[in-house]
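Here the structure comes first, spelled out in structure tokens, and everything after it is commentary.
We count ligands from 1, going down the list as the structure has it; atoms in each ligand are counted the same way. The shown structure was predicted, so the numbers you read here are calculated from the model rather than taken from an experiment. Residue numbers run from 1 in the order of the sequence given.
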Amino acid sequence: MESSLGLLLVLITLAIIYIVQAQDQQGFISLDCGLPANESSPYEERYLSKSDTYIRYPRDIYDREWTPYFRKEWNQISTTHEVSNSNEYVPPKDALATAATPTNSSAPLTVQWSSSNVNNQYYVYRHFAEIQDRLTNDTREFDVVWNGKVIYNRYTPLKFNAQANFARSPRPCEGGRCSLLLRRTNNSTLPPLLNALEVYTVIQFPQSETNENDVVAVQNIKATSGISRISWQGDPCVPQRFMWDGLNCSNKDMSTPPRITYLNLSSSGLTGTIAAGIQNLTQLETLDLSNNNLTGEVPEFLGNMKSLVFINISMNDLNGSISQALQRKGLELFTQGNPRLCFSGSCLPPKPKPFPVGIVASVVPVAIIIVVLVLIVVFKKKKPPTVEALQRPSSVSPLVNVTYDSSPVSSIQMNKRKFTYSEVIDMTNNFQKIVGEGGFGIVYHGTLNGYEQVAVKVLSQSSAQGYKHFKAEVDLLMRVHHKNLVSLVGYCDEGEHLALIYKYVPYGDLKQHLSGKGDKSIINWGMRLRIALEAALGLEYLHSGCMPPMVHRDVKTTNILLDEQFKAKLADFGLSRSFPVGGDSHVSTMVAGTLGYLDPEYYRTSRLTEKSDVYSFGIVLLEMITNVPVIDQARAKTYITEWVGFELNSGDISSFIDPNLHGDYDSNSAWRALELAMSCANPCSTRRPSMSQVVAELKECLLSTDSHSSAEVNMSIDTGMFPTPR
Ligand SMILES: *[C@@H]1O[C@H](CO)[C@@H](O)[C@H](O)[C@H]1NC(C)=O
Ligand SMILES: *[C@@H]1O[C@H](CO)[C@@H](O)[C@H](O)[C@H]1NC(C)=O
Ligand SMILES: *[C@@H]1O[C@H](CO)[C@@H](O)[C@H](O)[C@H]1NC(C)=O
Ligand SMILES: *[C@@H]1O[C@H](CO)[C@@H](O)[C@H](O)[C@H]1NC(C)=O
Ligand SMILES: *[C@@H]1O[C@H](CO)[C@@H](O)[C@H](O)[C@H]1NC(C)=O
Ligand SMILES: *[C@@H]1O[C@H](CO)[C@@H](O)[C@H](O)[C@H]1NC(C)=O
Ligand SMILES: *[C@@H]1O[C@H](CO)[C@@H](O)[C@H](O)[C@H]1NC(C)=O
Ligand SMILES: *[C@@H]1O[C@H](CO)[C@@H](O)[C@H](O)[C@H]1NC(C)=O
Ligand SMILES: *[C@@H]1O[C@H](CO)[C@@H](O)[C@H](O)[C@H]1NC(C)=O
Ligand SMILES: *[C@@H]1O[C@H](CO)[C@@H](O)[C@H](O)[C@H]1NC(C)=O
Ligand SMILES: *[C@@H]1O[C@H](CO)[C@@H](O)[C@H](O)[C@H]1NC(C)=O
């Protein structure tokens, strides 16, 4: 299984510019859309919440970050009417209330940026709404031009009604210059206009990891020669931006694991003998060890490395003689500055020291190929693509705005890594503070680098035994990033000591916030829905964003953690096992999970599918609504599902809704949430919705809670496929 294709998801950058007040800002935004989205970085939220000029939740129901953007050659128009935004992409109304038009009314409206990577591809969502009360004889019509090519002809914005204009597949920019241009047509009396813009960068989850043997070899060289360089962490070759310095690698294509072809340790203060590990870099072409203090003989294996074409061992203190093999044709050898070194034949025969010939049969690399797949959930269930699609809004209101996408410069934390057991002891201060006890082991509080708080899960001996493939699995998990999943910082895999190190999520778990235990505040109804939605998004990502899908297997309220902003993060997915896609579900030998949340069908059949998580999620949702124990022997109806089913007969929602809410909830959304929970907890897995459906339904619940404080349902809300900003 570990050699199976790991298709990892990917995301995307949300970049947004929203033209607000026509302050003359610093002209051009340099949109560096090429960098990976902060969306996928665990640190993104902090950064993005800094400025209060952003528009975000609750003004944006999906909490996208809309940043103002304007240029001096533009003119702002705005409206006080409401602009309807009821298409699937629901740009915030506030962002639509203003728009930019070119000051020179015959000039086009242009938005440009350069991408840091020529191969970057973008999804560009243009949000248009006519917000100018115009004379009846006026027309506004323009072409949408992307890098010189007309991609949408003769578009006329609808009055006070937002439409999203976009392509269903990503587009590249030519030569790294991206330009979006709106050009008025001959018949138009008004210049083009743009209210808001979203740009998503497709992040190619890089190519495969470096060839495993090369990694082992270079780690070995690092260890034996005591090199300590900041960049020498993580994968040596991938991603290219973080390639170790002094190395270069072959990067044929995405799916072939890169090989180390160049090693330059010149002037690195090396001492001792030439590292034997070098012989295991079987594709090495260039080796530069010059200007160090290396001693001993020039190892014979260098002569046997067929790939080598260049060696510089000048300026060291090597001795002995250089073997014939090293004097072969096609190999350039530079040796000056080693006074004690001589060519064979020209000095006394050195003791023939049989050097181990280290040509290692090149083992078929166990490569985990991470293919990059861009899954845009938004598109999943849609009609087949036309060239450019327009989402028709369903109602009318006034406003104008322009947004643009600021792409996030992110520094995805690349130094996730392996820790030694003694580092683990250090960081937990000898396992001093227990913060939890989850499946598979105890969780300790810890501190990394003196300030970063982490939660260290030490796998118990017995569960550790099951983890033959610990490293392979952890490597995979390290690539799983989602803002609603607790991020894995590193791991320890030393003999019997296995530990997972997660980012610490400070605000306790959902259960505490439902019960008020541990001095936790009781969260209100709206917040509960939002937390449910966030947890659902995390699960949906595991199911749909990862290939093969991952089943969490232990969804429960104690595994939903809350951060400072009460954002939900699913914990403990680390030990779910990937299972093969396509048809057959995994048959597991050991049923895992927590009583009460455990899918009865899975329990009976041992067949694990994503639907098992859906069941557990349904129980979580019931618990969030009712706040009664999942199992209560003292109750006539022991299980929460039975209990709710029974109470439902009464038709009175207040009989089972959490009394801690003191009646402060929207009963319409409570009913919907309840129905959703019951359908998730359907005993028959095929009747349960998928997580994507759950997400969509929860979004609607949230929407109806937000917009109607009364119980009235507004059916004009378009249901179903919402974008899922991550
Ligand atoms: C306005 O734009 C048109 C077309 O781009 C250009 O020919 C014209 O010179 C511009 N006028 C001014 C005053 O900049
Ligand atoms: C609109 O066009 C009609 C016919 O071309 C003309 O009679 C009328 O005066 C125009 N109205 C305005 C406000 O320009
Ligand atoms: C628009 O007008 C320009 C110049 O008047 C002309 O060159 C162009 O062909 C016209 N385009 C269309 C679509 O009529
Ligand atoms: C421009 O307007 C004229 C008359 O209103 C119409 O015949 C023509 O088809 C229009 N051209 C375009 C490109 O819309
Ligand atoms: C690595 O090798 C590639 C191809 O030979 C070359 O284009 C690139 O500049 C090299 N990078 C470094 C850092 O030496
Ligand atoms: C190795 O690196 C040094 C400086 O870092 C550079 O001067 C030298 O040319 C490099 N050697 C090779 C073979 O590229
Ligand atoms: C080279 O690799 C082989 C097998 O991969 C390993 O047994 C050997 O110890 C390695 N040699 C060195 C010097 O690292
Ligand atoms: C080999 O390394 C020495 C010392 O760093 C340097 O002076 C020399 O130019 C290098 N030779 C080549 C061919 O790079
Ligand atoms: C080698 O070691 C000596 C003494 O330890 C030191 O003075 C010298 O600078 C070193 N040379 C290099 C190239 O590191
Ligand atoms: C090379 O030098 C090492 C000590 O630096 C010594 O032990 C070894 O015998 C020498 N070898 C030859 C062939 O002189
Ligand atoms: C992304 O995050 C990094 C730090 O994690 C920060 O330096 C950078 O400015 C962020 N960029 C954006 C656009 O949020």
Side-chain angles (χ1 to χ4, degrees), residues 22 24 27-28 71-77 100-112 140-145 147-148 150 179-194 218 221-222 225-232 236-237 240 242-251 258-271 274-275 278 281 283-295 298-299 302 305 307-319 322 326-343:
D24 244 6
F28 224 77
R71 302 182 38 122
K72 58 184 181 309
E73 67 271 23
W74 294 345
N75 202 11
Q76 175 176 278
I77 54 180
T101 62
T103 312
N104 173 354
S105 68
S106 47
L109 187 152
T110 312
V111 178
Q112 292 178 308
R140 192 191 303 279
E141 187 184 80
F142 51 88
D143 293 336
V144 180
V145 183
N147 284 357
V150 175
S179 123
L180 172 72
L181 190 142
L182 306 177
R183 192 173 60 198
R184 70 187 284 176
T185 60
N186 287 355
N187 279 7
S188 180
T189 62
L190 295 170
L193 126 177
L194 180 61
V218 78
I221 294 165
K222 179 184 171 187
S225 47
I227 299 168
S228 71
R229 292 190 179 184
I230 297 165
S231 75
W232 281 43
C237 305
Q240 273 185 30
F242 295 107
M243 194 187 287
W244 293 8
D245 49 56
L247 283 191
N248 204 348
C249 308
S250 66
N251 283 303
R259 302 295 308 261
I260 295 171
T261 55
Y262 170 98
L263 178 62
N264 186 350
L265 296 174
S266 173
S267 312
S268 298
L270 303 180
T271 56
I274 292 177
I278 290 172
L281 295 173
Q283 306 266 307
L284 192 65
E285 291 162 10
T286 303
L287 176 63
D288 191 340
L289 298 172
S290 65
N291 203 28
N292 286 297
N293 269 338
L294 293 167
T295 54
V298 179
L302 289 178
M305 293 175 66
S307 56
L308 272 176
V309 295
F310 176 98
I311 298 178
N312 191 350
I313 45 175
S314 306
M315 315 305 286
N316 280 293
D317 192 17
L318 298 162
N319 65 359
I322 288 171
L326 270 164
Q327 299 172 41
R328 71 175 155 85
K329 262 195 158 158
L331 173 60
E332 290 183 89
L333 178 66
F334 299 89
T335 61
Q336 72 273 24
N338 289 285
R340 298 195 290 144
L341 197 62
C342 50
F343 283 79

Shortest protein heavy-atom distance from atom 14 (O) of ligand 6, along with the residue and atom involved: Tyr262 OH, 2.7 Å
Of all the non-hydrogen atoms in the protein, which one sits nearest to atom 3 (C) of ligand 6, and at what distance? Asn264 ND2, 3.6 Å
How long is the gap from OG on Ser231 to CG on Asp245, to the nearest 0.5 Å? 3.5 Å
To the nearest 0.5 Å, atom CG of Leu289 lies from atom OG of Ser268 at 8.5 Å
Within-cut-off N or O pair, Asn312 and ligand 8, under 3.5 Å: yes
Any protein heavy atom under 4.0 Å from atom 7 (O) of ligand 8? no
Nearest 0.5 Å please: distance from the CG atom of Leu182 over to the CZ atom of Arg140. 11.0 Å
Please check if a non-hydrogen protein atom sits closer than 4.0 Å to atom 10 (C) of ligand 6. yes
State whether the shortest distance between N or O atoms of Thr286 and N or O atoms of ligand 6 falls below 3.5 angstrom. no
If you define the side chain from C-beta out and look only at heavy atoms, does anything of Ile221 sit under 4.5 Å from Leu281? yes
Taking the six-membered ring for Trp, are the ring centroids of Phe310 and Phe334 within less than 6.0 Å of each other? yes
Atom 2 (O) of ligand 1: the protein heavy-atom neighbour that sits closest, reported with distance to 0.1 Å: Asn104 ND2, 2.3 Å
Side chains of Asn104 and Glu73 in contact at under 4.5 Å (non-hydrogen atoms): no
For Met315, the ligand 8 atoms whose distance to one of its heavy atoms is below 4.0 Å: 4 (C)
Taking all heavy atoms of Trp232 and all of Lys222, pick out the closest pair and write down the distance. O-NZ, 2.7 Å
Can you report which non-hydrogen protein atom sits closest to atom 4 (C) of ligand 1, along with the distance? Ser106 O, 4.0 Å
When only distance counts, is Ser290 in polar contact with ligand 8, meaning an N/O pair under 3.5 Å? yes
